[in-house]
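Shown next, in structure tokens, is the structure this report addresses.
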Protein chains: 2
Amino acid sequence: MKKITLKDIAKYFDVSISTVSKAVNDSHEISKDLKQRIQEYAKEQHYKPNKLALNLLNRSTKTIGVIVPNILNYFFVQVLYGIEKVANENGYNIISCISNESYEKESKTLEFLDSGTVDGLIISLAEETQVKERVEGLQEIAENQIPLVLFDRVSDLIACDKVIVDDFEAGYKTTKYFFNIGCKNVAFVSPIGKSSVGKLRHEGYKKALEEAGRPYDEKLVVNFTAKDDLDLIMSFLLNYKPIDGILGLDEITAVKILHIVKSRGYNVPNDVSIVGFTNGQLSQYVTPSLTMVSQHGKFIGEKAAELLIKRIQHPDRPFETKMVKTSLLVRDSTKKLQ
Amino acid sequence: MKKITLKDIAKYFDVSISTVSKAVNDSHEISKDLKQRIQEYAKEQHYKPNKLALNLLNRSTKTIGVIVPNILNYFFVQVLYGIEKVANENGYNIISCISNESYEKESKTLEFLDSGTVDGLIISLAEETQVKERVEGLQEIAENQIPLVLFDRVSDLIACDKVIVDDFEAGYKTTKYFFNIGCKNVAFVSPIGKSSVGKLRHEGYKKALEEAGRPYDEKLVVNFTAKDDLDLIMSFLLNYKPIDGILGLDEITAVKILHIVKSRGYNVPNDVSIVGFTNGQLSQYVTPSLTMVSQHGKFIGEKAAELLIKRIQHPDRPFETKMVKTSLLVRDSTKKLQ
DNA sequence: GTGAAAGCGCTAACAT
DNA sequence: ATGTTAGCGCTTTCAC
């Protein structure tokens, strides 16, 4: 049961550890015969070099750590796929962790990953971290320790490579789209009101209103959290004004909104048009299928991994920020363009 | 930028490494004054003990590795949560990896996790691994190396602790339920036909047919893979016989089936009743909401983590297999019981 | 062809 | 109160 080491093998053959090391690594320095016997025995005993020792020796683990806030959000799953793809292509493994939007969980994970376990880090900030701007830990890491790439939920206070979505434009264009299809009262419903991403989309929403010469009505802007009763909130919203457009800031929110709106007797899209964010699995299979803003998660993941690997190889490059544009996938939850 | 070590600090203060070690660990052996100066300097320089070195020393990493086949399946996400909960409660971190149903990916991940990186492993087999019965690697690991718990997709060939779902009973009871609500022709649609889980449910399905005195019609049993066109397959199925009940073996399959059946003009549940597996996010928000078999993923995860931790502490306990029962969550995609 | 020694970063037992 | 030594498992000079 106990793991076998070079030392054990050396004792068994009554040779030195370094001889065994060379033998298992198939060095030409060792005689064919001894080499073969050692290799056979090693296989028999299931010898595996201890990675910990090797990593310590190489001061590298060929592993990159990833922290995402929420694995139930399909966007992050897509990003993960993208990261993994590029990482594997470059001989890196990834270890993915979930912060669950919690600052504490994020810090603990960071503590774990930092200090030798990984060669680099790719992170999207937990909402709590963004809200409280508690980024000292990450600043330190970025400045003094290991290569770091931030994506999607980033912070200006941290100097590092970043991959971000053009969320301002996304909010702006989507709102404009509502107007184009004839909507008058467009609500903005956000489960991530306090994250950078939510704020930027909100700014875009405001700009579109302004440009269209429509008043900004803060009652049409709803921020809610997991604890809130979305049903109740939507009820207020729908009774407040004849809403005919709703923008939901993630996929599950859009799906829930659709469900609630339908169950209150509205027709989607004739009475109310709905657009969500993230082109995931749910949105295509609900009825009607949802029009969504795709952030190209996989692409973002690929870019983030590329940036990180470049940084690992050239620690002194200037920092880069990559901006990724969104696309609107028009389906059946929005009225047709005339 | 370079990481600072005890050695560096020792040099700076012109003391020995062990003195520094004791100082940063707040040992009483060190004089107040020196201790304080060292600690200050360490903080200033962002000293962090190298985990690799510590783990090597302790021959333990307080980390457990998890490999799941598919992160898009909500069941596995739930299991992950359960594992993480118990792991954290016991001072363990988890690192979760995805095999993507591929044997090769699973092996590579295993290779990485094995050999010192984790103290134990929790795995649900990739379908390819189950189909081909390529479990030698895992056998070795279980027998000679690190504690292993298998869940859901297990193999009889591997001697270790296991947590399994009573899939036979689930298939049996669910099929019986279809009969109870008056269905005559119940189809069985599986994206995991070759996994142990799919097979057991299928056995249960057969037993229910038998008990009800109905003939087994293999044309009503459909196995498909990601490459197949489910639309086409369902089309054949629906034209073949007046199907009035469909059992889909995972959540996304059930949702897709619902979508296809509806779009062909059938009423759900009046014409066709549908039941799926896994109580996830999608099934409640489609229309009509889907009746689902819950496997209690989180509970399974908790049990798996408990078993693993017990095994780590007592390597010589006899192996255990925990069987978890499913429950049927009746919603609107099935006809009501009379 | 084989082995001794040093070292990766750290701790702990044992001097001094 | 501080330092020395040994060792975790491994590789890599450098001797022999």
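Chain letters run A, B, ... following the sequence lines, proteins first, then strands; residues in each count from 1. No experiment lies behind these values; they were computed from the predicted model shown.
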Test log, rule salt bridge (charged side-chain N to carboxylate O under 4.0 Å, His left out), inputs A:E302 and A:K322: CA-CA 12 Å; A:E302 290 170 5; A:K322 276 222 156 48; over 6 Å; no
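- Residues A:Q295 and A:V324 are not in side-chain contact: their nearest non-hydrogen atoms beyond the backbone lie 4.5 Å or more apart.
- In A:E89, the CD atom is crowded: over 12 heavy atoms of neighbouring residues, nucleotides or ligands sit closer than 6.0 Å.
- B:K108 has its side chain out of reach of B:F112: every pair of non-hydrogen atoms, C-beta onward, lies at least 4.5 Å apart.
- Of the side-chain N and O atoms in A:S16, none sit less than 4.0 angstrom from OP1 or OP2 of C:dT2.
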Trace of the salt bridge (charged side-chain N to carboxylate O under 4.0 Å, His left out) decision for A:R134 with A:E104: CA-CA 10 Å; A:R134 302 194 50 184; A:E104 193 201 327; over 6 Å; no
Check against side-chain hydrogen bond (donor to acceptor under 3.5 Å, both in side chains), A:T63 and A:N93: CA-CA 5 Å; A:T63 304; A:N93 276 90; 5.4 Å; no
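- Contact check of residues 34-46 of chain B against DNA chain D (heavy atom, cut-off under 4.0 Å) returns B:L34.
- Ring geometry for B:Y41 against B:Y12 counts as parallel: the plane angle stays under 30°, on a 0 to 90° scale with 60° as the upper cut.
- Put simply, the side chain of B:V118 reaches to within 4.5 Å of the side chain of B:L121, judged on heavy atoms.
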B/S/- contact track for nucleotides 6-12 of chain C, protein heavy atom under 4.0 Å: -BBBBBB
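- Two residues are said to be in side-chain contact when any heavy atoms from C-beta on lie closer than 4.5 Å; A:L148 and A:I123 meet this criterion.
- Remark: C1' of C:dG3 and CG of A:D14 are 12 Å apart, rounded to the nearest angstrom.
- A 4.0 Å heavy-atom criterion places the boundary nucleotides of DNA chain D facing chain B at D:dA1 to D:dG9, written 5' to 3'.
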Stepwise side chain to side chain contact (heavy atoms under 4.5 Å, CB included) test for A:L138 and A:L110: CA-CA 8 Å; A:L138 276 163; A:L110 225 38; 3.8 Å; yes
